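The next block holds one structure in the form of C-alpha coordinates; read it before the comments.
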Amino acid sequence: MKLFIIAVLFVNITAISGGNFERSEPDPVQEIEAVIEILFDGMRTSGGDMVRSAVTDDVTLQTVQGNERVDSDMNRFIDSVEQSEPGSLDEQLTSLTIHVDGNLATAWMDYNFYYVGEFSHCGVNSMNLLNTGTGWKIFSIVDTRRQENC
(Lines give C-alpha, C1' and ligand atoms only; values in the text may rest on other atoms or scores of the structure.)
Protein backbone atom coordinates (compact mmCIF):
# COMPACT_ATOMS: atom_id res chain seq x y z
CA MET A 1 0.00 0.00 0.00
CA LYS A 2 2.81 2.42 0.87
CA LEU A 3 4.44 1.76 -2.50
CA PHE A 4 1.14 2.49 -4.24
CA ILE A 5 0.78 5.86 -2.39
CA ILE A 6 4.37 6.81 -3.26
CA ALA A 7 3.74 5.94 -6.92
CA VAL A 8 0.55 8.03 -7.00
CA LEU A 9 2.35 10.99 -5.41
CA PHE A 10 5.19 10.71 -7.93
CA VAL A 11 2.75 10.64 -10.85
CA ASN A 12 0.91 13.69 -9.49
CA ILE A 13 4.12 15.67 -8.87
CA THR A 14 5.37 14.75 -12.34
CA ALA A 15 2.08 15.85 -13.91
CA ILE A 16 2.05 19.16 -12.02
CA SER A 17 5.66 19.96 -12.91
CA GLY A 18 5.31 18.87 -16.52
CA GLY A 19 7.84 16.13 -15.86
CA ASN A 20 10.73 18.57 -16.17
CA PHE A 21 13.09 18.21 -13.23
CA GLU A 22 16.18 19.36 -15.10
CA ARG A 23 17.64 22.80 -14.47
CA SER A 24 17.26 24.92 -17.53
CA GLU A 25 20.33 26.58 -18.94
CA PRO A 26 20.48 30.37 -18.70
CA ASP A 27 19.36 32.17 -21.85
CA PRO A 28 22.48 33.78 -23.36
CA VAL A 29 20.43 36.49 -25.09
CA GLN A 30 18.98 37.62 -21.75
CA GLU A 31 22.43 37.56 -20.15
CA ILE A 32 23.87 39.64 -23.02
CA GLU A 33 20.99 42.13 -22.82
CA ALA A 34 21.71 42.49 -19.10
CA VAL A 35 25.41 43.25 -19.74
CA ILE A 36 24.46 45.89 -22.32
CA GLU A 37 21.99 47.42 -19.84
CA ILE A 38 24.73 47.56 -17.20
CA LEU A 39 26.97 49.48 -19.61
CA PHE A 40 24.30 52.09 -20.39
CA ASP A 41 23.05 52.29 -16.79
CA GLY A 42 26.66 52.98 -15.79
CA MET A 43 26.79 55.84 -18.28
CA ARG A 44 23.49 57.29 -16.97
CA THR A 45 24.53 57.07 -13.31
CA SER A 46 28.17 58.16 -13.81
CA GLY A 47 29.12 54.69 -12.61
CA GLY A 48 32.53 53.91 -13.97
CA ASP A 49 32.65 50.63 -12.04
CA MET A 50 29.43 49.52 -13.72
CA VAL A 51 30.89 50.28 -17.14
CA ARG A 52 34.10 48.43 -16.25
CA SER A 53 32.11 45.39 -15.08
CA ALA A 54 30.49 45.07 -18.51
CA VAL A 55 33.72 45.04 -20.55
CA THR A 56 36.95 43.07 -20.78
CA ASP A 57 40.18 44.70 -19.59
CA ASP A 58 41.38 45.03 -23.19
CA VAL A 59 38.10 46.22 -24.75
CA THR A 60 38.45 48.30 -27.92
CA LEU A 61 36.35 51.38 -28.61
CA GLN A 62 36.06 52.80 -32.12
CA THR A 63 33.92 55.23 -34.08
CA VAL A 64 33.34 55.14 -37.81
CA GLN A 65 33.45 58.71 -39.13
CA GLY A 66 33.00 58.98 -42.86
CA ASN A 67 35.35 56.45 -44.44
CA GLU A 68 37.64 56.25 -41.44
CA ARG A 69 37.82 54.39 -38.16
CA VAL A 70 38.78 56.48 -35.13
CA ASP A 71 40.18 54.59 -32.13
CA SER A 72 39.37 55.81 -28.62
CA ASP A 73 40.82 54.89 -25.25
CA MET A 74 38.26 53.08 -23.09
CA ASN A 75 39.90 54.23 -19.86
CA ARG A 76 39.52 57.87 -20.96
CA PHE A 77 35.90 57.18 -21.85
CA ILE A 78 35.26 55.67 -18.41
CA ASP A 79 36.99 58.65 -16.76
CA SER A 80 34.63 60.98 -18.66
CA VAL A 81 31.64 58.91 -17.53
CA GLU A 82 32.77 59.16 -13.89
CA GLN A 83 33.27 62.92 -14.19
CA SER A 84 29.88 63.53 -15.79
CA GLU A 85 26.88 64.69 -13.82
CA PRO A 86 24.59 61.71 -13.07
CA GLY A 87 21.79 61.64 -15.64
CA SER A 88 23.63 63.80 -18.17
CA LEU A 89 24.68 60.89 -20.44
CA ASP A 90 21.59 59.07 -21.70
CA GLU A 91 21.97 56.61 -24.56
CA GLN A 92 18.56 55.20 -25.45
CA LEU A 93 18.34 52.09 -27.60
CA THR A 94 15.67 52.05 -30.29
CA SER A 95 16.41 48.50 -31.47
CA LEU A 96 18.59 45.57 -30.45
CA THR A 97 19.51 42.42 -32.35
CA ILE A 98 21.72 39.73 -30.80
CA HIS A 99 23.31 36.75 -32.53
CA VAL A 100 25.05 34.02 -30.51
CA ASP A 101 27.34 31.20 -31.62
CA GLY A 102 28.82 29.33 -28.68
CA ASN A 103 30.93 31.75 -26.66
CA LEU A 104 30.78 34.58 -29.22
CA ALA A 105 27.94 37.06 -29.56
CA THR A 106 27.33 40.14 -31.65
CA ALA A 107 24.86 42.84 -30.66
CA TRP A 108 23.67 45.49 -33.13
CA MET A 109 21.64 48.39 -31.83
CA ASP A 110 20.29 51.71 -33.06
CA TYR A 111 20.40 54.48 -30.49
CA ASN A 112 19.58 58.10 -29.74
CA PHE A 113 22.00 59.92 -27.45
CA TYR A 114 20.93 62.76 -25.15
CA TYR A 115 23.34 65.02 -23.29
CA VAL A 116 21.84 66.85 -20.30
CA GLY A 117 18.37 66.10 -21.63
CA GLU A 118 19.00 67.49 -25.12
CA PHE A 119 19.28 65.37 -28.25
CA SER A 120 22.92 65.17 -29.35
CA HIS A 121 23.13 62.48 -32.03
CA CYS A 122 21.98 59.05 -33.14
CA GLY A 123 23.67 56.10 -34.75
CA VAL A 124 24.42 52.43 -34.43
CA ASN A 125 26.51 50.47 -31.94
CA SER A 126 28.03 47.14 -32.90
CA MET A 127 29.32 45.16 -29.93
CA ASN A 128 31.18 41.86 -29.80
CA LEU A 129 30.89 39.86 -26.61
CA LEU A 130 32.72 36.86 -25.21
CA ASN A 131 31.41 34.33 -22.71
CA THR A 132 34.33 34.33 -20.28
CA GLY A 133 33.10 31.34 -18.31
CA THR A 134 32.06 33.67 -15.49
CA GLY A 135 29.72 35.72 -17.65
CA TRP A 136 29.45 37.66 -20.88
CA LYS A 137 31.75 40.66 -21.41
CA ILE A 138 31.96 43.21 -24.21
CA PHE A 139 35.37 43.10 -25.92
CA SER A 140 34.72 45.43 -28.84
CA ILE A 141 32.47 48.45 -29.39
CA VAL A 142 32.16 50.26 -32.72
CA ASP A 143 29.69 53.09 -33.21
CA THR A 144 28.50 55.56 -35.81
CA ARG A 145 27.24 59.07 -35.05
CA ARG A 146 25.00 61.38 -37.02
CA GLN A 147 22.49 64.13 -36.37
CA GLU A 148 20.22 63.52 -39.36
CA ASN A 149 18.00 60.61 -40.42
CA CYS A 150 17.53 59.48 -36.86
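One-based numbering along the sequence shown. Predicted model, so just to flag it, every value in this text is computed and none were measured.
Of the N and O atoms on the side chains of Thr106 and Asn128, at least one donor lies less than 3.5 Å from an acceptor on the other residue. In summary, the side chains of Arg69 and Thr63 do not present any donor paired with an acceptor at a separation below 3.5 Å, with no hydrogens or angles considered. Side-chain contact, Glu91 with Asn125: a donor N or O sits under 3.5 Å from an acceptor N or O.
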Could you walk me through whether Thr97 and Met109 pass the side-chain contact (heavy atoms from CB on, under 4.5 Å) check? CA-CA 6 Å; Thr97 303; Met109 63 212 73; over 6 Å; no
Using the side-chain contact (heavy atoms from CB on, under 4.5 Å) rule, take Val70 and Gln62 through it: C-alpha gap first, then chi angles, then the decisive distance, then the call. CA-CA 5 Å; Val70 178; Gln62 301 165 327; over 6 Å; no
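A heavy-atom distance below 4.5 Å is found between the side chains of Cys122 and Arg146. Using a 4.5 Å cut-off on side-chain heavy atoms (C-beta onward), Lys137 and Val55 make no contact. Put simply, the side chain of Asp90 does not reach to within 4.5 Å of the side chain of Phe113, judged on heavy atoms. Side-chain contact check for Leu89 versus Tyr114: every heavy-atom pair is 4.5 Å or farther apart. You'll find the side chain of Ile36 reaches within 4.5 Å of the side chain of Met127, heavy atoms only. For the pair Cys150/Asn112, a side-chain contact is recorded, criterion being any heavy-atom separation below 4.5 Å from C-beta on. Residues Ile38 and Ser53 have side chains in contact (heavy-atom distance under 4.5 Å, counting atoms from C-beta outward). Under the 4.5 Å side-chain criterion, counting only non-hydrogen atoms from C-beta, Val124 is not in contact with Asp143.
By the neighbour-count criterion of 12 heavy atoms within 6.0 Å, atom CG of Asp71 is densely surrounded, having more than that number from other residues, nucleotides or ligands. Enclosure of atom OH in Tyr115 is not indicated, since only 12 or fewer non-hydrogen atoms of other residues, nucleotides or ligands lie within 6.0 angstrom. Atom CG of Asp101 has 12 or fewer neighbouring heavy atoms from other residues, nucleotides or ligands inside a 6.0 Å radius.
Residue Phe40 is grouped with residue Leu96 when hydrophobic side chains (ILVMFWY) are merged at heavy-atom distances under 4.5 angstrom, including chains of intermediate members. One hydrophobic cluster holds both Val59 and Phe77 under the rule that ILVMFWY side chains link at heavy-atom gaps under 4.5 Å. Both Tyr111 and Val51 sit in one connected hydrophobic cluster of ILVMFWY residues. Membership requires side-chain heavy atoms under 4.5 Å apart, directly or through other members. Leu93 is not connected to Phe119 by any chain of hydrophobic side-chain contacts under 4.5 Å among Ile, Leu, Val, Met, Phe, Trp and Tyr, and they are in different clusters. Cluster membership check: Val64 does not share its hydrophobic cluster with Trp108, using side-chain heavy-atom separations under 4.5 Å among Ile, Leu, Val, Met, Phe, Trp and Tyr.
Rounding to the nearest 0.5 angstrom, the gap separating the CE atom in Met74 from the OG1 atom in Thr56 is 8.5 Å. Interatomic distance, Thr94 OG1 to Asp110 CG, rounded to the nearest 0.5 Å: 4.5 Å. In this structure, CD in Glu82 is found 6.5 Å from CG in Asp49, a value given to the nearest 0.5 Å. Taking CZ from Arg44 and OG from Ser88, the interatomic distance works out to 11.5 Å, rounded to the nearest 0.5 Å. A distance of 8.5 Å separates CG in Leu104 from CG in Leu129, rounded to the nearest 0.5 Å. Taken from OG in Ser84 to CG in Asp79, the straight-line distance is 11.0 Å, to the nearest 0.5 Å.
Minimum interatomic distance between Ala105 and Val100 (heavy atoms only, all atoms of both residues): CB-CG2, 4.1 Å. Contact between Ala107 and Ile98 at its shortest, heavy atoms only, is CB-CG1, 4.1 Å. Residues Glu85 and Ser46 share a closest heavy-atom pair of C-OG, 3.4 Å. The two residues Trp136 and Val35 come nearest to each other via the heavy atoms O-CG2, 3.4 Å.
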